Amino acid sequence: MDAVAARPRRSVLAVPGSNPRFIAKARDLAVDAFFLDLEDAVAPAAKDEARGLVVRALAEGGWGDRIRSVRVNDLSTAWTYRDVIEVVEGAGAHLDSLVLPKVTEAAQVRWLDTLLTQIERAVGLEVGRIGIEAQIEDARGLVAVDAIAAASPRVESLVYGPADFMASINMKTLVVGEQPPGYDVGDAYHYVLMRILMAARANGLQAIDGPYLQVRDTAAFTRSARRTAALGFDGKWVLHPAQVDAANEVYAPDQDDYDHAELILDAYAHATTVQRRGAVMLGAEMLDEASRKMALVVAAKGRAAGLRRTRAFSPDA
């Protein structure tokens, strides 16, 4: 869970790279991360101009401690290499990661890794500091997700792209994030989400859920987010300010769970190091190594979300 503690992504704001007004507004939103989008949010005729806007927006700063990302165009287009070169040469020192969309094989991640390394060396940036977020958006990407997750040390997260994915498998619905008509038992997306989550966790990465497109239906967004948070996803893309608070709340532990996790860690450490015994009790609760590992996850997420404990450990309690 080191990546979760170091770079939380409970809420990841999508910001059109060609819209100065949206870019300015994004600076005031309480998100953990954002990406300036050069892909779907930018019309083909505006791609070149958008790169310049993105470079200026990053270089001007004002983003606080948010994770700063740019989504480049996918490798089937003519724009990707210029996206990477111009953004990293122009604002690489102000950039934390690049989002690579529509990843279908590990070779695409390795290509981006190689290009980033060349640019970093050429302009004097720290080699390897800029991360990669691989977006899984079709059946080919899902089948290759294990290799994609392991393709480069730069990879920090796997991101589910629901709309393109649903289209790629001919799913019978036009409402992104809701169950398709006729699917009345279980969750139609469970396999896809778990497949991405397993690949992420097996490689020490974060797993990020994609956007919910009905932007004014905050209750439905929250429902969707709770499903993936329950599985273990670390965050979700947000498209509208109304979704930000919900994402931050859903993907962080509540105060009671956070306090309990910290108490478990304290009790386990006290019993095994100070008292030097293997039987660990927290009140009437028996703890073991698995309990400690689960508590580490919750505590790391709570700390990353800025929670402060409200209950102190007492060995006599």
Side-chain angles (χ1 to χ4, degrees), residues 1-11 32-33 67 131 133-134 136 145-160 186-187 189-209 225-236 247-317:
M1 298 301 294
D2 289 345
V4 175
R7 295 161 76 102
R9 288 180 169 91
R10 295 170 301 165
S11 52
D32 286 341
I67 297 173
E133 302 185 56
I136 306 302
V145 71
D146 291 316
I148 290 168
S152 164
R154 292 182 188 266
V155 180
E156 296 184 0
S157 74
L158 299 177
V159 182
Y160 173 46
D187 183 346
Y189 311 104
H190 185 75
Y191 171 76
V192 179
L193 293 167
M194 287 299 290
R195 190 73 185 80
I196 292 171
L197 181 62
M198 292 304 101
R201 293 295 183 256
N203 291 277
L205 311 179
Q206 291 181 322
I208 308 300
D209 191 16
R226 282 177 176 158
R227 286 196 293 268
T228 55
L231 294 178
F233 272 65
D234 299 293
K236 187 173 179 65
N248 287 340
E249 179 181 351
V250 168
Y251 290 99
D254 63 31
Q255 187 66 52
D256 285 343
D257 286 344
Y258 172 67
D259 283 339
H260 189 203
E262 294 285 14
L263 289 173
I264 288 173
L265 295 177
D266 288 345
Y268 194 87
H270 181 78
T272 56
T273 60
V274 177
Q275 297 176 328
R276 296 187 177 182
R277 54 188 178 82
V280 182
M281 297 296 295
L282 180 61
E285 180 182 6
M286 180 170 284
L287 307 176
D288 59 12
E289 177 63 13
S291 305
R292 186 189 71 86
K293 290 176 180 176
M294 294 169 66
L296 280 172
V297 172
V298 175
K301 288 191 174 186
R303 293 166 192 165
L307 294 181
R308 298 291 181 267
R309 61 189 302 172
T310 59
R311 287 186 282 163
F313 171 70
S314 171
D316 301 321

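Treat the numbers as computed from the prediction; the structure is a model and nothing was measured.
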| request: Measure the spacing between OG of Ser157 and CZ of Arg7 and express it to the nearest 0.5 Å. | output: 9.5 Å
| field | Partner residues of Ala252 under the side-chain contact (heavy atoms from CB on, under 4.5 Å) criterion, sequence neighbours left out | value | Arg10, Ala305
| Would you say Arg311 has more than 12 foreign heavy atoms packed within less than 6.0 Å of its CZ? | yes
| message | Going by the rule side chain to side chain donor-acceptor pair (under 3.5 Å), which residues pair with Asn203 if we only count those two or more places apart in sequence or in a different chain? | response | none
| Sequence neighbours excluded, which residues qualify as salt bridge (Lys or Arg N to Asp or Glu O under 4.0 Å) partners of Arg309? | Asp266
| said: Tell me every residue that passes side chain to side chain donor-acceptor pair (under 3.5 Å) with Asn248, counting only those two or more places apart in sequence or in another chain. | reply: Ser11
| message | So which atom in Ala200 and which in Leu158 form the shortest heavy-atom distance, rounded to 0.1 Å? | response | N-CD1, 3.6 Å
| Residues two or more places apart in sequence or in another chain: which of them pass salt bridge (Lys or Arg N to Asp or Glu O under 4.0 Å) with Asp146? | Arg195
| field | Residue pair Arg227 / Asp187: nearest heavy atoms and the distance that separates them | value | CD-OD2, 3.9 Å
| Would a distance-only check, ignoring hydrogens and angles, find a side-chain to backbone donor-acceptor pair under 3.5 Å from Arg201 to Gly232? | yes
| field | Counterpart residues, side-chain contact (heavy atoms from CB on, under 4.5 Å), relative to Glu249 (two or more places apart) | value | none
| What's the verdict on side chain to side chain donor-acceptor pair (under 3.5 Å) for Tyr251 and Thr228, showing C-alpha distance, side-chain angles and the deciding distance? | CA-CA 9 Å; Tyr251 290 99; Thr228 55; 2.5 Å; yes
| Between the side chain of Arg308 and the main-chain N/O of Gly306, is any donor-acceptor distance below 3.5 Å? | yes
| request: Side-chain contact test, heavy atoms from C-beta onward, threshold under 4.5 Å: evaluate it for Glu285 versus Ile264 and give yes or no. | output: yes
| Between Leu265 and Ala299, what is the shortest heavy-atom contact and its length? | CD1-CB, 3.8 Å
| said: To check you understand the geometry: which heavy-atom pair defines the closest contact between Pro8 and Gln206, and what is its length? | reply: CA-NE2, 4.2 Å
| said: Test of understanding: with side chain to side chain donor-acceptor pair (under 3.5 Å), list the residues that count as partners of Arg292, not counting sequence neighbours. | reply: Glu289
| said: Taking side-chain contact (heavy atoms from CB on, under 4.5 Å) as the definition, give me every residue that meets it alongside Met194, ordered by chain and number, with sequence neighbours left out. | reply: His190, Leu197, Met198, Leu231
| field | side chain to side chain donor-acceptor pair (under 3.5 Å) partners for Tyr160, two or more places apart | value | none
| said: If I take atom CD from residue Gln255 and atom OG1 from residue Thr310, how far apart are they, to the nearest 0.5 angstrom? | reply: 4.5 Å
| request: Could you tell me which non-hydrogen atom of Leu205 sits nearest to which non-hydrogen atom of Asp234, and how far apart they are? | output: O-OD2, 4.5 Å
